[in-house]
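Accompanying notes for the structure given below.
Just so you know, ligand 1 is whichever comes first in the structure, and atom 1 is the first atom listed for that ligand.
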Amino acid sequence: MTPDISLATIIADTDLPCCIYNASGPRCSTEEELHAIGESVAGAILSKSATLQKREGNEKPRYADTPWGSINSMGLPNEGYEYYAAFAAQASQYDKPYFMSVSGMSLDENVKIISDLENYEGIAGIELNLSCPNVPGKPQTGYDFEQSRHTLEAVFAVTTKPLGVKLPPYFDIPHFQMMADVLNDFPIAFVTCINSVGNGLVVDPATEGVLIKPKQGFGGIGGDFVKPTALANVRQFYTLLNKNVSIIGCGGIKSGQDAFEHILCGASAVQIGTRFMQEGTPCFERIVSELTEIMQKKNYRNIEAFKGKLKDYQS
Ligand code: RRO
């Protein structure tokens, strides 16, 4: 990192040495994978979304790369929340915070997990996933505003830890306002925008078939095509939410320029999903150096210098 340029940020009242880290999902399911993130330049470690019990997830193949990104229908494979809660003790060896993603299969499950996490130290915050698109028969909570409110009432009643939410992408202006109205009634620490664009379909003309096995090939879309949607969601929630809520950008970030755009729209940190899956931990170092170079050229010494400062169209 260039000495006079800092990528440090603060999320959930915790210092991150670098504003770039992993999205929940790729390469963060096992201790080995979480340690690899700890050893990289990523500014935080975030776990795979955890359920009450260990889950195998959907049938394979359940992830595919495409020329523009990825499609997945993993179906929440994970080791169960106790495994990720126990990792907090090991994460303390790194000079960066550890966040846990939680995605219970029901409201009761979320309440049970989140109340039990009170017994663990070393978890800087909980990212409550309101947007898994891939469990057959389970709608995405974030698309049901009343259910989202009900969920937040229940989980905030049982936690003292900083809690943020991972949202699905919204596409209609009134929906941004409706979700912001819900979130602004709670002491939300951060909002991560966006999860994958749910239930896309990728067709292979050679085989005349789909790319992944679960759900007749339908799955969450990540990568290049989701960046404009991710930027729109970051911008909307940056504008609409209470000012003490940090926005974490996720979606289509594979270069320093992509990270720069997310921060301009209002992101205090950015997460890497598809590209981290494809490239592994070296992506963090590369994106850090690309972003640093952009900041150097523009004479920005820290991310506060341009965070949220997106300009309207100027003729
Ligand atoms: O495990 C998954 O299928 C998955 C989850 Br929980 C999520 O939140 N987003 C996604 O694209 N896949």
Side-chain angles (χ1 to χ4, degrees), residues 21-30 33-34 46-66 68-81 83-84 99-107 109-110 113-114 126-144 147-148 151 163-170 190-202 210-227 229-230 233 248-253 271-278:
Y21 63 107
N22 68 294
S24 179
R27 299 177 187 267
C28 57
S29 296
T30 65
E33 291 171 332
L34 294 166
L46 174 60
S47 76
K48 170 67 184 168
S49 290
T51 51
L52 193 60
Q53 311 289 346
K54 178 183 164 87
R55 282 172 58 85
E56 293 302 329
N58 294 339
E59 276 184 294
K60 294 177 181 170
R62 56 194 184 182
Y63 172 94
D65 287 318
T66 67
W68 38 261
S70 66
I71 181 166
N72 89 84
S73 183
M74 304 299 289
L76 257 172
N78 77 95
E79 298 295 326
Y81 80 102
Y83 179 96
Y84 301 105
F99 291 92
M100 234 187 99
S101 171
V102 171
S103 189
M105 302 294 287
S106 65
L107 176 54
E109 220 184 279
N110 278 325
I113 296 168
I114 289 170
I126 298 167
E127 185 180 271
L128 177 62
N129 187 352
L130 297 180
S131 45
C132 175
N134 298 331
V135 179
K138 295 261 181 222
Q140 294 172 73
T141 307
Y143 285 141
D144 180 336
Q147 186 60 24
S148 295
T151 300
L163 187 138
V165 290
K166 174 93 170 261
L167 296 178
Y170 299 96
F190 61 87
V191 166
T192 306
C193 305
I194 57 173
N195 208 318
S196 55
V197 174
N199 295 295
L201 188 61
V202 181
V210 297
L211 291 193
I212 55 174
K213 191 161 181 187
K215 292 177 62 179
Q216 282 86 44
F218 288 79
I221 301 298
D224 299 349
F225 285 170
V226 315
K227 190 176 76 170
T229 296
N233 278 257
I248 303 172
C250 181
I253 301 172
Q271 299 175 349
I272 319 298
T274 295
R275 194 61 183 208
F276 175 44
M277 183 70 174
Q278 295 169 338

Margin query: Please list the nearest protein heavy atom to atom 11 (O) of ligand 1 with its residue and the distance rounded to 0.1 Å.
Written below: S196 OG, 2.7 Å

Note to self: Any heavy-atom pair between the side chains of I113 and L52 that's under 4.5 Å?
What the structure shows: yes

Check: Just how far is it from atom NZ of K48 to atom OG of S29, taken to the nearest 0.5 Å?
Finding: 6.0 Å

Check: Is there side-chain contact between P169 and V226, with heavy atoms separated by less than 4.5 Å?
Finding: no

Check: Within less than 4.0 angstrom of ligand 1, does G220 place any heavy atom?
Finding: no

Check: Hey, is ligand 1 close enough to P133 that some N/O pair sits below 3.5 Å?
Finding: no

Notebook entry, point to check: Any idea which of K48, K166, Q140 brings a heavy atom closest to atom 1 (O) of ligand 1?
Noted result: K48

Check: For the atom pair CG (L201) and CD1 (I221), what is the distance rounded to the nearest 0.5 Å?
Finding: 8.0 Å

Notebook entry, point to check: Quick one: which ligand 1 atoms are inside 4.0 Å of a heavy atom on N134?
Noted result: 2 (C), 3 (O), 4 (C), 10 (C), 11 (O), 12 (N)

Margin query: S103 versus ligand 1: do any nitrogen or oxygen atoms come within less than 3.5 Å of each other?
Written below: no

Checklist line | Under 4.0 Å to a heavy atom of N72 - the qualifying atoms of ligand 1, by number | finding: 2 (C), 3 (O), 4 (C), 10 (C), 11 (O), 12 (N)

Next item on the list: Give yes if a backbone or side-chain nitrogen or oxygen of S131 is under 3.5 Å from a nitrogen or oxygen of ligand 1, and no if not.
Entry: no

Notebook entry, point to check: Considering distance alone, does some N or O of P77 sit under 3.5 Å from an N or O of ligand 1?
Noted result: no

Margin query: Ignoring hydrogens, what is the shortest heavy-atom contact between G69 and T274? Give both atom names and the distance.
Written below: C-CG2, 3.8 Å

Check: Minimum heavy-atom separation for I248 to Y21, with atom names?
Finding: CD1-OH, 3.4 Å

Next item on the list: Between N129 and ligand 1, find which residue part has any heavy-atom pair under 4.0 Å and reply side chain, backbone, both or neither.
Entry: side chain

Checklist line | Residue pair Q147 / T141: nearest heavy atoms and the distance that separates them | finding: CG-CG2, 3.9 Å

Check: What do we get for L76 next to ligand 1 when only non-hydrogen atoms under 4.0 Å count, side chain, backbone, both or neither?
Finding: both

Next item on the list: For atom 5 (C) of ligand 1, grab the closest protein heavy atom and report residue, atom and distance to one decimal in Å.
Entry: C132 SG, 3.5 Å

Checklist line | Atoms of ligand 1 close to M74 [distance to a heavy atom under 4.0 angstrom, numbered from 1] | finding: 1 (O), 2 (C), 3 (O)

Next item on the list: Before giving the answer on side-chain hydrogen bond (donor to acceptor under 3.5 Å, both in side chains), spell out for E127 and T192 the whole-Å C-alpha distance, their side-chain angles and the decisive distance to 0.1 Å.
Entry: CA-CA 8 Å; E127 185 180 271; T192 306; 2.8 Å; yes

Next item on the list: Could you find the nearest protein heavy atom to atom 9 (N) of ligand 1 and give me its residue, atom name and distance?
Entry: N195 OD1, 2.8 Å

Checklist line | Partner of S101 by side chain to side chain contact (heavy atoms under 4.5 Å, CB included), out of I126, L128, N78, L46 | finding: L46

